J.: 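Following this message is one structure expressed as structure tokens.
On a predicted model such as this, the values are computed, not experimentally measured, just so you know. All values below were derived from every heavy atom in this structure, side-chain atoms included, with hydrogens, water molecules and symmetry-related copies excluded. We name chains A, B, ... by the order of the sequence lines, and we start the count at 1 in each one.
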Amino acid sequence: MTAATPVADAYRAIEERGWFDRSALEVAPDLLGRYLVHLTPAGRIVGRIVEVEAYLGPEDLAAHSARGETARNAVMFGPPGHLYVYLVYGMHHCANVVCGPSEKPEAVLLRAAEIIEGEEIARGTRGDVPATRLAAGPGNLAAAFGVDRALNGADLTHGPVLIAERGPITDAERPSMIQTARIGVEYAGAWTSRPLRFLFADDPHRSRR
DNA sequence: GTCGGGATCCTCT
DNA sequence: GAGGATCCCGACA
């Protein structure tokens, strides 16, 4: 049920908004192994997503939507399939995939990816760091992909930022996926320990913490 | 207008 | 493992 058309020669972008119109609990694990694509003027940056976190509706005390809609988090309350970008700690941007279900402000934070194309472009903003750390951690990922607040609200079904899968599909072995508690949300009460972080356990490109 | 906190990262010890 | 960098945003007066 995934509408996918070629981004270029090798990647098929998800262009069906319904794919995003599901709970973050479903979208988060489904994002693992897929590709984040940013078509920049300098060229194409592609990364394989290896770590994400699900942020559920207003009841999730760790989610920005927990305190109601504001100018900052308005994108989270909008239609699914859009990019929600915000600044944390005054210096790092974080990229989120807004999902559903309809009318519910849920999102998936992109925490780490393996850069598989456009590494030189990514290094333009990240400098001389090991490939395994280029996009390890949400702040690093946003920097490597050149994502900042200018892209807040961007439509993921039309680019320039897209979610894609590689084509033709191969049956490459899937690394083992695990779930853990989320990072940096110690203030969220019972929500702190809920296993809403999804990652490939043995992937060297995951975040360090 | 002012104040305080935050979905992080890096360096130094 | 600890602490500093750095600034937007929301709450409150």
J.: So what does A/Asn96 touch, heavy atoms closer than 4.0 Å: a base, only the sugar-phosphate, or nothing?
T.: base
J.: Output the rounded distance in Å from CD (A/Glu51) to C1' (B/dT8).
T.: 13 Å
J.: Specify the separation, in whole Å, of atom CG of A/Leu134 and atom P of B/dC9.
T.: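 Those two atoms, CG and P, are 13 Å apart.
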J.: What pairs with A/Glu51 under salt bridge (Lys or Arg N to Asp or Glu O under 4.0 Å), at least two apart in sequence or on another chain?
T.: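 A/Arg111, A/Arg197.
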J.: Identify the pairs formed between an N or O of the protein and an N or O of nucleotides 11-13 of chain B at a distance under 3.5 Å, and give each distance.
T.:
none

J.: Which residue pairs pass the salt bridge (charged side-chain N to carboxylate O under 4.0 Å, His left out) test with at least one member in residues 129-156 of chain A, sequence neighbours excluded?
T.: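 Those involving residues 129-156 of chain A are A/Arg17-A/Asp155.
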J.: I want to check one thing: is the phosphate of B/dA7, taken as OP1 and OP2, less than 4.0 Å away from some side-chain N or O of A/Tyr187?
T.: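 For B/dA7, OP1/OP2 do have a side-chain N/O of A/Tyr187 under 4.0 Å.
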J.: Heavy atom of residues 85-92 of chain A under 4.0 Å from DNA chain C: which residues?
T.: A/Leu87, A/Tyr89, A/Gly90, A/Met91
J.: Would you say the side chain of A/Thr157 lies within less than 4.5 Å of the side chain of A/Trp19, judging by non-hydrogen atoms?
T.: no
J.: Rounded to whole angstrom units, what separation is found between the CG atom of A/Leu141 and the C1' atom of B/dA7?
T.: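 It works out to 13 Å between those atoms.
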J.: Is it the case that the side chain of A/Glu117 and the backbone of A/Val46 share a donor-acceptor pair, with hydrogens and angles ignored and the cut-off at 3.5 Å?
T.: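 Looks like no, no N/O pair under 3.5 Å.
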J.: Without placing hydrogens or testing angles, list every side-chain donor-acceptor pair under 3.5 Å for residues 83-93 of chain A, not counting sequence neighbours.
T.:
residue	atom	partner	partner atom	Å
A/Tyr84	OH	A/His64	ND1	2.8

J.: Do A/Glu114 side-chain atoms and A/Val50 backbone N/O form a donor-acceptor pair below 3.5 Å?
T.: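 Checking the backbone N and O of A/Val50 against the side chain of A/Glu114, no donor-acceptor pair under 3.5 Å is found.
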J.: Within a strict 4.5 Å, meaning less than it, do heavy atoms of the A/Ile49 and A/Ile163 side chains meet?
T.: yes
J.: State which residues pass salt bridge (Lys or Arg N to Asp or Glu O under 4.0 Å) with A/Arg194; sequence neighbours excluded, sorted by chain then number.
T.: none
J.: Under 4.0 Å, heavy atom to any atom of DNA chain C: which of residues 60-82 of chain A qualify?
T.: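 Heavy-atom contacts with DNA chain C come from A/Thr70, A/Ala71, A/Arg72.
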J.: Mind jotting down which residue pairs meet the ring-ring contact (aromatic ring centres under 6.0 Å, His included) criterion with at least one end in residues 176-198 of chain A? Sequence neighbours excluded, please.
T.: none
J.: Do A/Leu151 and A/Pro160 have side chains that get closer than 4.5 Å, going by heavy atoms?
T.: yes
J.: Does A/Gln179 use its side chain to pair, donor to acceptor, with the backbone of A/Pro195 at less than 3.5 Å?
T.: yes
J.: Let me check something: do A/Val97 and A/Leu109 share a hydrophobic cluster, defined by ILVMFWY side-chain heavy atoms less than 4.5 Å apart, either directly or through other members?
T.: no
J.: Any heavy-atom pair between the side chains of A/Glu165 and A/Ile14 that's under 4.5 Å?
T.: no
J.: How many whole angstroms separate atom CD of A/Glu186 from atom C1' of B/dA7?
T.: 10 Å
J.: Are A/Leu162 and A/Leu156 side-chain neighbours, meaning at least one heavy-atom pair lies under 4.5 Å?
T.: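 No, side chains not in contact.
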J.: Can you tell me which stems involve DNA chain B, if a stem is defined as three or more consecutive Watson-Crick or G-U wobble pairs, both distances under 3.5 Å?
T.: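 Correct response: B:1-6 with C:7-12, B:8-12 with C:1-5.
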J.: Which residues pass the salt bridge (Lys or Arg N to Asp or Glu O under 4.0 Å) test with A/Asp60, not counting sequence neighbours?
T.: A/Arg182
J.: Going 5' to 3' along DNA chain C, which are the first and last nucleotides with any atom under 4.0 Å from a heavy atom of chain A?
T.: C/dA5 to C/dG10
J.: Listing request: all salt bridge (charged side-chain N to carboxylate O under 4.0 Å, His left out) pairs with a residue in residues 66-75 of chain A, at least two apart in sequence or in separate chains.
T.: none
